[in-house]
J.: 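Quick one: the structure is below, and I'll ask about it shortly.
Computation of the quantities below employed the complete heavy-atom set of this structure, encompassing side-chain atoms and omitting hydrogens, waters and symmetry-equivalent molecules.
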Amino acid sequence: QVQLVESGGGLVQAGGSLRLSCAASGLSFSSYVLGWFRQAPGKEREFVASISRWSGGSTTYADFVKGRFTISRDNNKLTMYLQMNSLKPEDTAVYYCAADRRVVPTTSADEYNYWGQGTQVTVSS
């Protein structure tokens, strides 16, 4: 059974930082592209960042997080990370990790087959 578990969310002040982790099991980790998505109350799930299959892989970011967030993965630890710096109140959302056995990462949530349960990030002003 494929399982993805997010951790690292919490409450921070604007300008602060958090590092989210996504631990995977039940899959050949290095065969899966990975992504982070977020969903705020009353909003649709939106793309945050993605990374290709290898440690140090190619990355893609949504415009609203460029220069502030960094996605990475450690295939030996079976874990993906999202380092979030310079957080803004509008970053408040539940953050989800996603995985899919595809060659090229995608920004479309409906093309990822495996999802974690999410971790809450709240940024106060």
J.: Check the hydrophobic clustering (I, L, V, M, F, W, Y; side-chain heavy atoms under 4.5 Å; chains of links allowed) and say if Val33 and Tyr96 are grouped together.
T.: yes
J.: To the nearest 0.5 Å, tell me how far Lys66 NZ sits from Thr60 OG1.
T.: 8.5 Å
J.: Please round to the nearest 0.5 Å and tell me the distance separating atom CG of Leu87 and atom CZ of Phe69.
T.: 5.0 Å
J.: Of all the heavy-atom pairs spanning Tyr81 and Asp74, show the shortest one and how long it is.
T.: CE1-CB, 4.2 Å
J.: Between Glu46 and Arg38, does a side-chain contact (heavy atoms from CB on, under 4.5 Å) hold up when you go through it step by step?
T.: CA-CA 5 Å; Glu46 64 181 351; Arg38 70 187 189 185; 2.8 Å; yes
J.: I'd like a table of donor-acceptor pairs (distance under 3.5 Å, sequence neighbours excluded) in which one partner is a side-chain atom from residues 115-125, with atom names and distances.
T.:
unit_1	atom_1	unit_2	atom_2	d
Trp115	NE1	Tyr112	O	3.0
Thr119	OG1	Gly9	N	3.2
Gln120	NE2	Ala93	O	3.4
Gln120	NE2	Thr122	OG1	3.3
Ser124	OG	Val12	O	3.4

J.: Quick one: does Arg73's side chain have a donor or acceptor within less than 3.5 Å of a partner on Asn75's backbone?
T.: no
J.: Rounded to the nearest 0.5 Å, what's the gap from CD1 on Ile71 to OG on Ser58? Could you check?
T.: 11.5 Å
J.: For the backbone of Asp110 and the side chain of Arg45, can you confirm whether one donor and one acceptor N or O come within less than 3.5 Å of each other?
T.: no
J.: For Asn113 and Asp100, indicate whether the former's side chain and the latter's backbone hold a donor-acceptor pair under 3.5 Å.
T.: no
J.: Sub-3.5 Å donor-acceptor pair from the side chain of Glu6 to the main-chain atoms of Cys97, do we have one?
T.: yes
J.: If you group Ile, Leu, Val, Met, Phe, Trp and Tyr by side-chain heavy-atom gaps below 4.5 Å, do Phe64 and Ile51 land in one group?
T.: yes
J.: Which distance, rounded to the nearest 0.5 Å, do you find between the OG1 of Thr107 and the CZ of Phe37?
T.: 7.0 Å
J.: Indicate yes or no: at least one non-hydrogen side-chain atom of Trp36 is less than 4.5 angstrom from one of Met80.
T.: yes
J.: Please report, to 0.1 Å, the donor-acceptor pairs under 3.5 Å made by any side chain of residues 14-22, with sequence neighbours excluded.
T.:
unit_1	atom_1	unit_2	atom_2	d
Ser17	OG	Asn85	OD1	2.9

J.: When rounded to the nearest 0.5 angstrom, what is the spacing between CG in Leu82 and CG in Leu34?
T.: 12.0 Å
J.: Please name the pair of heavy atoms, one in Val48 and one in Tyr95, separated by the smallest distance, quoted to 0.1 Å.
T.: CG2-CE2, 4.3 Å
J.: Using side-chain contact (heavy atoms from CB on, under 4.5 Å), reason through Leu27 and Gln3 one step at a time and then give a plain yes or no.
T.: CA-CA 8 Å; Leu27 73 166; Gln3 188 172 10; over 6 Å; no
J.: Distance from Leu78 atom CG to Tyr32 atom OH, nearest 0.5 Å?
T.: 12.5 Å
